[in-house]
Amino acid sequence: MYIVATFSPKGGSGKTTAIMALAFGMITQGKRVAVMNCNEQAAVSLASRHSSDLKVWYDQFSAGLIRSTQLKLFECTSVENVQDAMAVARTEGFDVLLIDTSAILESPQLAAIEAADLVVAPAITTVEAMHIIRGIKNLDLDTTNFVGLVTGCRSGPQEIQEIRNAFGECEMFHSELPWASVFAHQILYGDLAQKTASLACSPGRPGYARFIDAQSAFVSALRLSFEIEWMLKGLRLDSLNQNPTVEFLGFEELSMTLTN
């Protein structure tokens with residue numbers, strides 16, 4: 001079982017959005033996915049009637065067409081919770097455990113990050129990217145498995161490149177998660193594929209732009225999940241780009257390569 005955690009010492013950077021999108025992408029691949037809520041909402045969810053965002057999303061996703069054995073949610077507030085959840089997920093044969101952490105890292109979040117095979121560091125603007133780099137230095141974290149992710153940027157290619165530059169020497173995903181209303185509201189319906197399908201309409205019809213927006217988000221989530229699977233296998237797309245005859249793999253080529 002692979003473990004993927006998020007990291008950003010600034011709230012609102014897109015950690016939970018990325019976790020939900022990744023879970024969707026990996027379930028679509030046929031993976032069995034466990035999700036661990038290890039942020040401040042987990043304690044609220046366990047102590048009251050107010051469900052965390054991930055619990056609401058999980059309930060919506062589980063009510064759809066997926067099999068109950070494909071997705072499981074753990075809400076963890078202590079190191080012992082984290083360790084127990086990892087053990088249960090591994091014993092029950094899940095392919096991957098996705099861990100959403102909080103902006104303030106305490107013992108449970110640090111334990112999750114230390115156990116991760118890959119740490120996804122999402123940033124919407126250069127501000128989040130700089131906070132990530134500063135947080136890594138302040139906490140003296142091993143950055144071997146840290147990878148930066150541009151997520152939710154609304155300002156276009158120039159700012160995206162500025163965000164990438166702000167990550168400095170930190171490794172970056174080729175893939176991005178663009179800003180899209182379906183990402184912002186996926187907590188409300190869970191399954192991105194079903195939501196995208198419900199918006200389908202012909203060009204020129206009212207709502208077509210929203211459908212295209214959702215379709216783009218759908219593809220980007222799948223592309224990122226494939227790239228993460230590639231990385232978890234110890235491979236990098238950069239190594240392919242060193243060959244001048246090989247261009248960056250598109251979604252279809254990447255999916256076929258990983259499948260084979």
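Residues take their numbers from the sequence shown, with the count starting at 1.
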Legend entry - With E114 via side chain to side chain donor-acceptor pair (under 3.5 Å) - residues at least two apart: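 Expected list: none.
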Contact between [X] and [Y] at the side-chain level, heavy atoms closer than 4.5 Å - yes or no?
| X | Y | answer |
| --- | --- | --- |
| S181 | D213 | yes |
| F61 | M20 | no |
| L98 | M26 | yes |
| I228 | V120 | yes |
| S225 | T28 | no |
| F167 | V147 | no |
| L73 | W57 | no |
| T125 | E128 | yes |

Inset, instruction - Using a strict cut-off of less than 4.0 Å between a Lys/Arg side-chain nitrogen and an Asp/Glu carboxylate oxygen, indicate whether E229 and K233 qualify as a salt bridge. - result: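 Salt bridge: yes.
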Legend entry - T143 side chain to F146 backbone, donor-acceptor under 3.5 Å: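 Checked: no pair found.
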Inset, instruction - Output yes when a side-chain donor or acceptor of Q109 lies under 3.5 Å from a complementary backbone atom of E106, and no otherwise. - result: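 Side chain of Q109 to backbone of E106: a pair is present.
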Legend entry - F183: ring-ring contact (aromatic ring centres under 6.0 Å, His included) partners, not counting sequence neighbours: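 Once residues adjacent in sequence are excluded, F183 has no partner under the ring-ring contact (aromatic ring centres under 6.0 Å, His included) criterion.
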Legend entry - Atom pair CG/CD1 of N145 and I3 - distance to nearest 0.5 Å: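 Rounded to the nearest 0.5 Å, the CG-CD1 separation comes out at 11.5 Å.
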Legend entry - Distance in Å, T101 OG1 paired with I19 CD1, rounded so as to fall on 0.5 Å steps: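 Result: 8.0 Å between the selected atoms.
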Inset, instruction - For salt bridge (charged side-chain N to carboxylate O under 4.0 Å, His left out), just list the numbers for K72 and E92, CA-CA rounded to whole Å, side-chain angles, deciding distance to a tenth of an Å, and then say yes or no. - result: CA-CA 10 Å; K72 185 165 188 170; E92 293 186 0; 3.0 Å; yes
Legend entry - Minimum heavy-atom distance M1-R90, with the two atoms named: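 Between these two residues, the closest heavy atoms are SD-N, 3.7 Å.
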List, one per line, each side-chain donor-acceptor pair under 3.5 Å for residues 148-155, sequence neighbours excluded.
residue, atom, partner, partner atom, Å
S155, OG, E159, OE1, 2.6

